Each structure stands twice: as C-alpha cells, then as structure tokens.
*Asks:* 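The structure is given below, and queries will be raised subsequently.
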Amino acid sequence: MNLKPLKRKFFARNTEQVARELLGKIIVRQINKQKIMARITEVEMYRGENDLACHASRGRTPRTETLYGEPGHAYVYLIYGMYYCFNIVTEVKDFPSAVLLRACEPVSKGFDELSLVGPGRLCRELKITKELHNEDISKSKKLWVADDDFVVTKKEILSSPRIGVDYARHCTSWPWRFYLKNSKAVSKLKTGSRIASDSRA
DNA sequence: TTATCGATGGTA
DNA sequence: ACCATCGATAAA
C-alpha cells in the first residue's frame, strides 16, 4: 500500500476534478505512530462565493479564511454544536473552494462497515477535530490523503445534488455530490432508497 | 417504512 | 436564528 501523501499540486486544480479523483483514495489519520486508514467513497464540492451552499457565499470572515488560503489545507468546522466536518481546500489562494469528505469505507480493522458514513461520523471515528483546522495535509504527520494507486473509472462515479443544503436556492440542485456506485458506504437520504437523481451517470 | 425532534455551540 | 448532522423515538 502506497501511503505517501498527495502533494499540494493535486489539490491546486479544478474542484470538481479534485473531488472526483479523491474517490478511492485513502485518508490516513496518524495518532502517535498508530495509523487509522479509510477509503473515500463520497464527497461534495463547494465552490466560490456564488455557490450559496458554500460558507464563503457570505464573504471572507474569520471562519472562512482557510477556504481562501492555500490548497491542500484542512477546513474543519463544528456543525450543530456537536459534530465536525472535514474539507480539503482546493484551487488557488484567494478563491474559496473545497471538497467535503462525507463517507469512507474502513481499511483499518475494528470499524463497522457503515461507521464512517456521514461527515459527522467520519470525523468522530477518525478523531478529526478543530485541532486539525487549517492543517497542511500535504505535509502533516497527523492527517493526509494517500493515493494507494487505487483505480476508479469514470463509470464507477455517480453524482447527485448535495445533501442538507435546501436553503441554497438555485444552487440546491447542482450535482456536486460524487460517490462510488459500487460502495455500500455512501449516505442515504431516505431509508432503503438512494435519492432520485442518483441515477445520472 | 417515513417523520419529527432534541442535543449543543459557533457564527453572523 | 440559523446550521454541509446524528440517533432516538413516534407514527402509520
């Protein structure tokens, strides 16, 4: 398994391309020499101030400063008072964009099949907290993404609207959620069935 | 099976 | 007053 970190160049590209290529990669979380690993199965992209679902849609604030910073840094924030969400900043400095990691399937032992599904659960299980906010994951010893030479073809990737952004008006329907068709470890909106627009290729 | 609700705190 | 969530519970 190739656990070398993806470099900044990987993240310094078009956000959709980065989002799609992150699928199948491995998140490595190292806590004193102990590595927890998980394969990315579901992501969402948030791009620019014109994306009403993006935290930067209301401009540059102390909170969103990291989104405007160098690509390859972690944007970690607290949601609903009790969960963290982990994003990776993309593109170029001063343009706010990132990819939210929504679900993984376990690579390390000791995880239930679905315990890493959902952005809040993923962070809880990988122990990603505000301590890692703004961490440079191209250089970090605590958190990075490894290529693992895992091959994902275009056909294996599906897209849908993003989850939980009903407030984002015309941006709500943008198909900026990407996930692996063949993975069980993707979030479901309603019990049993995947959401309607999941069928697009 | 689907719907609703409470926990809990940073942000603007 | 929101909110890129989750888990529990109730209703049907």
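A, B, ... follow the sequence lines: proteins, then strands. Residue 1 opens every chain. Bear in mind that the values here come from a model prediction, so they are computed numbers and not experimental data.
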*Asks:* With a 3.5 Å distance limit and no angle check, can you tell me whether E42(A) reaches the backbone of A185(A) through a side-chain donor-acceptor pair?
*Replies:* no
*Asks:* Would you say the side-chain atoms of S187(A) pair up with the backbone N or O of V117(A), donor to acceptor, closer than 3.5 Å?
*Replies:* no
*Asks:* Can you sort out which residues in residues 43-67 of chain A have a heavy atom within less than 4.0 Å of DNA chain B? Ascending by number, please.
*Replies:*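 Nucleic-acid contacts, sorted: T61(A), R63(A).
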*Asks:* For a side chain to side chain donor-acceptor pair (under 3.5 Å) check, start with the C-alpha distance between E125(A) and S115(A), then their side-chain angles and the critical distance, and finish with the verdict.
*Replies:* CA-CA 7 Å; E125(A) 299 304 311; S115(A) 57; 5.1 Å; no
*Asks:* Mark this stacking check for Y83(A) against dT5(C) as yes or no, applying ring centres under 5.5 Å and ring planes under 30°.
*Replies:* no
*Asks:* Could you give the CG-to-P distance, from D166(A) to dT5(C), as a whole number of Å?
*Replies:* 10 Å
*Asks:* How close or far is atom P of dG10(B) from atom NZ of K130(A), stated in whole angstroms?
*Replies:*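 Computing the K130(A):NZ to dG10(B):P distance gives 7 Å.
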*Asks:* Mind calculating the distance between CD (E125(A)) and P (dC6(C)) to the nearest angstrom?
*Replies:* 11 Å
*Asks:* Just how far, in rounded Å, is C1' of dA1(C) from CD1 of I79(A)?
*Replies:* 14 Å
*Asks:* How many Å lie between OH on Y77(A) and C1' on dA12(B), as a whole number?
*Replies:* 16 Å
*Asks:* Parallel, tilted or perpendicular: which one describes the rings of Y77(A) and Y75(A), with boundaries at 30° and 60°?
*Replies:* tilted
*Asks:* Please state how far atom CZ in R162(A) lies from atom C1' in dC3(C), giving the value in whole angstrom units.
*Replies:* 15 Å
*Asks:* Whole angstroms only, please: what is the CE-P distance between M82(A) and dA4(C)?
*Replies:* 16 Å
*Asks:* Over all heavy atoms of both residues, which pair between R102(A) and L122(A) is shortest? Give the atoms and the distance, please.
*Replies:*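 Scanning both residues, the minimum pair turns out to be C-CD1, 3.9 Å.
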*Asks:* Within the distance-only criterion (no hydrogens, no angle test), does the side chain of E44(A) pair as donor or acceptor with the backbone N or O of I163(A) below 3.5 angstrom?
*Replies:* yes
*Asks:* Counting only heavy atoms not in D94(A), do more than 12 sit closer than 6.0 Å to its CG atom?
*Replies:* yes
*Asks:* Using a strict cut-off of less than 4.0 Å between a Lys/Arg side-chain nitrogen and an Asp/Glu carboxylate oxygen, indicate whether R47(A) and E91(A) qualify as a salt bridge.
*Replies:*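 Between E91(A) and R47(A) there is a salt bridge, with a charged N closer than 4.0 Å to a carboxylate O.
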*Asks:* Expected output check: what is the dot-bracket annotation of DNA chain C, where ( ) and [ ] are pairs inside the strand (brackets for crossing ones), | is paired with another strand, and pairs are Watson-Crick or G-U under 3.5 Å?
*Replies:* |||.|||||||.
*Asks:* Roughly how far, to the nearest 0.5 Å, is CE of M37(A) from NZ of K109(A)?
*Replies:*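 Rounded to the nearest 0.5 Å, the NZ-CE separation comes to 10.5 Å.
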*Asks:* Just how far, in rounded Å, is P of dC6(C) from CZ of R124(A)?
*Replies:* 8 Å
*Asks:* Please check: side-chain N/O of R60(A) versus main-chain N/O of E65(A), any donor-acceptor pairing under 3.5 Å?
*Replies:*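 The answer is no, because no donor-acceptor pair under 3.5 Å joins these two groups.
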*Asks:* Verify, without hydrogens or angle tests, whether S97(A) (side chain) and T90(A) (backbone) share a donor-acceptor contact under 3.5 angstrom.
*Replies:* yes
*Asks:* Please pick, from dA4(C), dG9(B), dC6(C), the nucleotide with the shortest atom-to-atom distance to any side-chain atom of V165(A).
*Replies:*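 Looking only at side-chain atoms, V165(A) lies closest to dA4(C).
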*Asks:* Looking at the base of dA7(B), is there any donor atom on it, or on the side chain of Y80(A), that sits under 3.5 Å from an acceptor on the other one?
*Replies:* no
*Asks:* Tell me, which of residues 99-110 of chain A have any heavy atom that sits under 4.0 Å from an atom in DNA chain C?
*Replies:*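 DNA chain C contact set from residues 99-110 of chain A: L100(A), R102(A).
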*Asks:* With heavy atoms under 4.0 Å as the rule, sort G120(A) into base, sugar-phosphate or nothing.
*Replies:* sugar-phosphate
*Asks:* For L67(A), does its backbone N or O pair with a side-chain atom of T64(A) as donor and acceptor, under 3.5 Å?
*Replies:*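 No: the side chain of T64(A) does not pair with the backbone of L67(A).
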